[in-house]
Amino acid sequence: MSLSYKSIAERAPEFFEARIADREAAEATCARLNEAMSELLRTIEHETALVREGKLAEAGELQPMKADLISIYMRGMTYVRDNSVALGNLAPEAVEALHRKHGEFQPILRINLAVLATAREVADGLLRKVAEGAGAKAAPKTYGPNGSKPKQPKPADGLAVNQSL
């Protein structure tokens with residue numbers, strides 16, 4: 001569950017100013033968004049490492065913190081977008097630093113998504129094999145009455161899968 005609007009305001013008040021009036025406010029806004037991106041990047045990289053190591057339960061425990069960081073990041077991006085003219089005029093160097101940081105962010109996010117997709121495919125493949133194995137054990141290996149072919153086995157019952165990762 002992500003943070004409430006009030007919680008985001010408490011953790012990132014720079015993203016709730018009415019307007020950016022001076023250089024200090026512009027630089028503070030850019031610095032806070034840069035910090036939010038850095039925190040989110042660290043969390044995503046940690047999650048990626050855990051999934052690669054097969055520590056899916058530990059990776060899942062990062063989800064609440066990751067959701068909170070995404071909420072702060074998205075609020076910051078919205079605020080920066082809404083104030084882009086003022087930021088560009090008052091703190092062009094800080095805005096350029098944000099562009100560079102965002103450039104780092106995208107490839108790391110793509111890697112994370114690819115690792116998560118691979119983990120999901122592996123898990124789905126394992127579950128399919130288990131289901132096939134469970135169904136194969138139920139198949140009769142002899143002929144039916146009067147030498148007829150046995151009926152096709154019905155699918156295995158009782159296999160439940162939680163698809164969330």
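Note that the structure is predicted; figures quoted are calculated from it, not measured.
The shortest heavy-atom contact between Glu58 and Leu50 is OE1-CD2, 3.6 Å. A pairwise comparison of heavy atoms in Glu14 and Thr29 identifies O-OG1, 3.8 Å as the closest pair. Residue Ile20 comes nearest to Ala86 through the heavy atom pair O-CB, 4.1 Å, listed as atom of the first residue, atom of the second, then distance. Pairing each heavy atom of Ala26 with each of Leu90, the nearest pair is CB-CB, 3.8 Å. Between Ala119 and Val51 the shortest heavy-atom distance is CB-CG1, 3.7 Å.
Distance CG/Leu33 to CZ/Arg75: 11.5 Å, rounded to 0.5 Å. Here the straight-line distance linking atom CG of Leu69 with atom CD of Glu35 works out to 10.0 Å at 0.5 Å rounding. Taking OG of Ser84 as the start and CG of Asn89 as the end, the distance is 9.5 Å to the nearest 0.5 Å. Interatomic distance, CG of Leu62 versus CZ of Arg42, reported as 13.0 Å (0.5 Å rounding). Going from atom CD of Gln106 over to atom CD1 of Ile108 covers 11.0 Å, rounded to the nearest 0.5 Å. In this structure, CG in Asn34 is found 9.5 Å from CG in Leu41, a value given to the nearest 0.5 Å.
Remark: Arg128 engages no residue in a salt bridge (Lys or Arg N to Asp or Glu O under 4.0 Å) (not counting sequence neighbours). Among residues two or more places apart in sequence or in another chain, the side chain to side chain contact (heavy atoms under 4.5 Å, CB included) test is passed with Leu113 by Leu109. With sequence neighbours excluded, the residues that form a side-chain hydrogen bond (donor to acceptor under 3.5 Å, both in side chains) with Ser7 are Ser4. With sequence neighbours left out, Glu53 forms a salt bridge (Lys or Arg N to Asp or Glu O under 4.0 Å) with Lys55. In this structure Asn112 satisfies the side-chain hydrogen bond (donor to acceptor under 3.5 Å, both in side chains) test together with Glu47, Thr48, sequence neighbours excluded. Residues satisfying the salt bridge (Lys or Arg N to Asp or Glu O under 4.0 Å) test with Glu39, not counting sequence neighbours, are Arg32. Qualifying side-chain hydrogen bond (donor to acceptor under 3.5 Å, both in side chains) partners for Thr78, counting only residues two or more places apart in sequence or in other chains: none. Legend: residues meeting side-chain hydrogen bond (donor to acceptor under 3.5 Å, both in side chains) with Thr43, ordered by chain and number and at least two apart, are absent.
Within the structure, no pair that satisfies the ring-ring contact (aromatic ring centres under 6.0 Å, His included) test touches residues 18-68, not counting sequence neighbours. Each salt bridge (charged side-chain N to carboxylate O under 4.0 Å, His left out) pair with one or both residues in residues 84-93, not counting sequence neighbours, appears once here: Arg23-Glu93. The ring-ring contact (aromatic ring centres under 6.0 Å, His included) pairs that include a residue from residues 66-94 are Tyr73-Phe105, where partners are two or more places apart or lie in different chains. Residue pairs meeting the salt bridge (charged side-chain N to carboxylate O under 4.0 Å, His left out) criterion with at least one member in residues 76-86: none, sequence neighbours excluded.
Of the possible donor and acceptor atoms, one in the side chain of Asp22 sits under 3.5 Å from a partner among the backbone N and O of Ala25.
In this structure, the side chains of Asp124 and Glu121 stay at 4.5 Å or more apart for every pair of heavy atoms.
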Decide side-chain contact (heavy atoms from CB on, under 4.5 Å) for His102 and Met77; before the verdict, give the C-alpha distance in whole Å, the side-chain angles of both, and the deciding distance to 0.1 Å.
-> CA-CA 11 Å; His102 205 263; Met77 288 298 292; 4.0 Å; yes
